[in-house]
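Both ligands and their constituent atoms are indexed starting at 1 by order of listing.
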Amino acid sequence: MSYRADPDLLLEIQKYGAADIAACFNCGNCTAVCPLSTEDETFPRRVIRLAQLGVWKELLGSKELWTCYYCGECTATCPREADPGEFMAAARRYAIASYDRLGLAKVLYTSPVLSVIFLVLLAALTALFMYTSHGSMPTDSLRLFEFIPAHVIHDLGIAGFVIVALAGILGAVNMAIQVGRANGLSRDGVRHNWLGALWETIAVEVLGQTRYRQECETEEERPSWYLQKWFIHASMMWGFLGLFAATGLDWILDIVGVKATGTWVPIWYPVRLLGTVAGLFLLYGTSVAIVRRLRKADEPSTHSFLSDWLFLVLLWISTVSGFALEIAIYLPQAPVWGYWMLLFHVAVVADLLLLAPFTKFAHAFYRTVALYVQALKPVPAAELAAAASAD
Ligand code: SF4
Ligand code: SF4
């Protein structure tokens, strides 16, 4: 294997955080304490070493970058106070910027002023675009789609989805190729175990949060289950996926003619109920995560990059504005603010989703790919040969 080295790699990663990592003298203490370390995966020292050597290709192909849950154990015990946990977070930001061929992620991570201007402009343009097609504001009941026609929001959603999907897929494929190559994945190996690995990734790790639950909080430090980090993280993820599913189901029911999008339904209507419960999970997860960051409750919360705040705050605002909209819908008299809330809500969601491949949100795709590569595991040649002869 040939190594292409960039002597400035460590300095480049430091633009994304990790101010203290230059103090590392490779003692290996962090690897010894990391609950995820195994014989084959030496968190986080191997990734630090790759950065020190400047071998960016190997660093970008490292699945440990993504499977680290930033528990902060390594930081707490580093004798040089080099903050290896924050280094892993900075290296993930660097990786997101490197997988993004448009260069937008780099700007959003490294220029706080431009990030804020960009977000405000994007939200304002979205709201203005919708407002140009506005209709009446009925006051007997809140008929949102008489104010903004459903097809405008629908078309905006489809256009946004295509942009995000293309940028997200490009980044994820780019990342999967690098991680696959660096971890010696072969086509035969993938074919041999793709389904089992998919189950282990989606059901066991992503939805079940197994590693996070078992390994990232020690028995002594475990607070009540509803305050444990895995539950906060899972609440945000389950809540987001639930809202995504409820929105998708609403459109599908419209297409098959069961219910038109935007028609009034009681709160116990299944799709509305799914959306409400998912929203409550998301609101809980984001609120607790914000409070933890404000109080600097643990090692990971002590360093808050602008991207960490933007991600959490946009999620929180979009959830709260979604609930405000729901309340307005069920009030006996239609409040005019309900119509403005619709514009605000869609503008914030547009910010959150359109920038997903370029911000912290992207870690959801990349972590899933890394977990999948990890679940595939290199298959012993004898096992592959046996499977081939059985075919
Ligand atoms: S980050 Fe700290 S604990 Fe880890 S190898 Fe460097 S000096 Fe040692
Ligand atoms: S933050 Fe936790 S999971 Fe990540 S490398 Fe450090 S000890 Fe391991």
Side-chain angles (χ1 to χ4, degrees), residues 9-11 13-14 16-55 58-96 179 182-183 204-206 208-223 228-234 237 289 292-293 296-305 307-308 360 363-364 366-368 370-371 373-375:
L9 180 61
L10 199 61
L11 287 176
I13 294 176
Q14 284 184 303
Y16 298 81
D20 303 322
I21 198 62
C24 167
F25 63 174
N26 268 293
C27 66
N29 201 48
C30 47
T31 298
V33 299
C34 174
L36 301 180
S37 280
T38 62
E39 245 176 57
D40 302 326
E41 294 177 340
T42 52
F43 291 77
R45 192 175 59 150
R46 194 181 88 87
V47 185
I48 298 172
R49 196 73 194 121
L50 294 174
Q52 288 169 332
L53 293 172
V55 285
E58 285 66 26
L59 184 132
L60 292 178
S62 151
K63 61 184 185 314
E64 292 94 329
L65 260 189
W66 301 102
T67 48
C68 155
Y69 278 110
Y70 201 172
C71 63
E73 286 286 308
C74 51
T75 291
T77 52
C78 172
R80 300 277 294 173
E81 299 186 352
D83 206 347
E86 177 56 15
F87 166 80
M88 292 295 270
R92 280 190 287 276
R93 294 177 197 123
Y94 166 78
I96 290 175
V179 175
N183 289 279
V204 180
E205 289 295 345
V206 175
Q209 305 271 293
T210 307
R211 251 183 198 227
Y212 210 162
R213 258 186 304 146
Q214 291 171 351
E215 301 188 30
C216 285
E217 258 159 338
T218 60
E219 286 296 338
E220 308 86 69
E221 71 183 19
R222 251 175 218 176
Q228 286 175 21
K229 278 185 268 183
W230 77 267
F231 186 73
I232 312 296
H233 188 257
M237 190 192 57
R292 287 178 81 108
R293 278 201 183 272
K296 300 187 189 297
D298 50 20
E299 280 294 344
S301 315
T302 52
H303 302 277
S304 291
F305 220 63
S307 60
D308 300 318
K360 189 173 179 180
H363 85 281
Y366 295 136
R367 177 164 288 161
T368 307
L371 287 169
V373 171
Q374 186 172 50

Open item on the list: Tell me the protein heavy atom at minimum distance from atom 4 (Fe) of ligand 1, and give that distance in Å.
Closed with: Cys30 SG, 2.3 Å
Task: Shortest protein heavy-atom distance from atom 2 (Fe) of ligand 1, along with the residue and atom involved - done: Cys78 SG, 2.3 Å
Task: Side chain Gln228, main chain Pro223, donor-acceptor under 3.5 Å - done: yes
Open item on the list: For the residue pair Arg92 and Tyr366, would you count it as a cation-pi contact if the rule is NZ or CZ under 6.0 angstrom from the ring centre and within 45 degrees of the ring axis?
Closed with: no
Task: Heavy-atom donor-acceptor pair, Arg293 side chain to His303 backbone, under 3.5 Å - done: yes
Task: Numbering as shown, the atoms of ligand 2 that approach Glu73 to under 4.0 Å (heavy-atom distance) - done: 7 (S)
Task: Any pair counted as side chain to side chain donor-acceptor pair (under 3.5 Å), so long as it reaches residues 17-26, sequence neighbours left out - done: Asn26-Gln52
Task: Sub-4.0 Å atoms of ligand 2 with respect to non-hydrogen atoms of Leu36 - done: 3 (S)
Task: Contact atoms of ligand 1, heavy-atom distance to Asn26 under 4.0 Å - done: 5 (S), 6 (Fe)
TODO: Answer with side chain, backbone, both or neither: which part of Phe25 has a heavy atom less than 4.0 angstrom from an atom of ligand 1?
DONE: both
- [ ] Answer side chain, backbone, both or neither: which part of Ala23 comes under 4.0 Å from ligand 1, heavy atoms only.
- [x] neither
Open item on the list: What protein heavy atom lies closest to atom 6 (Fe) of ligand 1? Include the residue and the distance to one decimal.
Closed with: Cys24 SG, 2.4 Å
- [ ] Could you tell me which residues satisfy ring pair (Phe, Tyr, Trp, His ring centres under 6.0 Å) with His233, sequence neighbours excluded, listed by chain and number?
- [x] Tyr212
Task: ligand 2 contacted by Gly72 (non-hydrogen, < 4.0 Å) - done: yes
Task: Subset of ligand 2 atoms that lie under 4.0 Å from at least one heavy atom of Tyr70 - done: 1 (S), 4 (Fe)
Open item on the list: Could you tell me, atom by atom, which parts of ligand 1 come under 4.0 Å of a heavy atom of Pro79?
Closed with: 3 (S)
Open item on the list: Check whether Arg45 reaches the backbone of Thr31 with its side chain - one donor and one acceptor, N or O, closer than 3.5 Å.
Closed with: no
Task: Arg80 side-chain N/O to Ala23 backbone N/O, donor-acceptor pair under 3.5 Å - done: yes
- [ ] Between Cys27 and ligand 1, find which residue part has any heavy-atom pair under 4.0 Å and reply side chain, backbone, both or neither.
- [x] both
Task: Heteroatom test (N, O or S) for Cys34 near atom 4 (Fe) of ligand 2, limit 2.8 Å - done: no
- [ ] Return yes if some donor-acceptor pair links the side-chain N/O of Gln14 with the main-chain N/O of Ala19 below 3.5 Å, else return no.
- [x] yes
Open item on the list: If we ignore hydrogens and angles and just use 3.5 Å, is the side chain of Asn183 paired with the main-chain N or O of Gly61 as donor and acceptor?
Closed with: yes
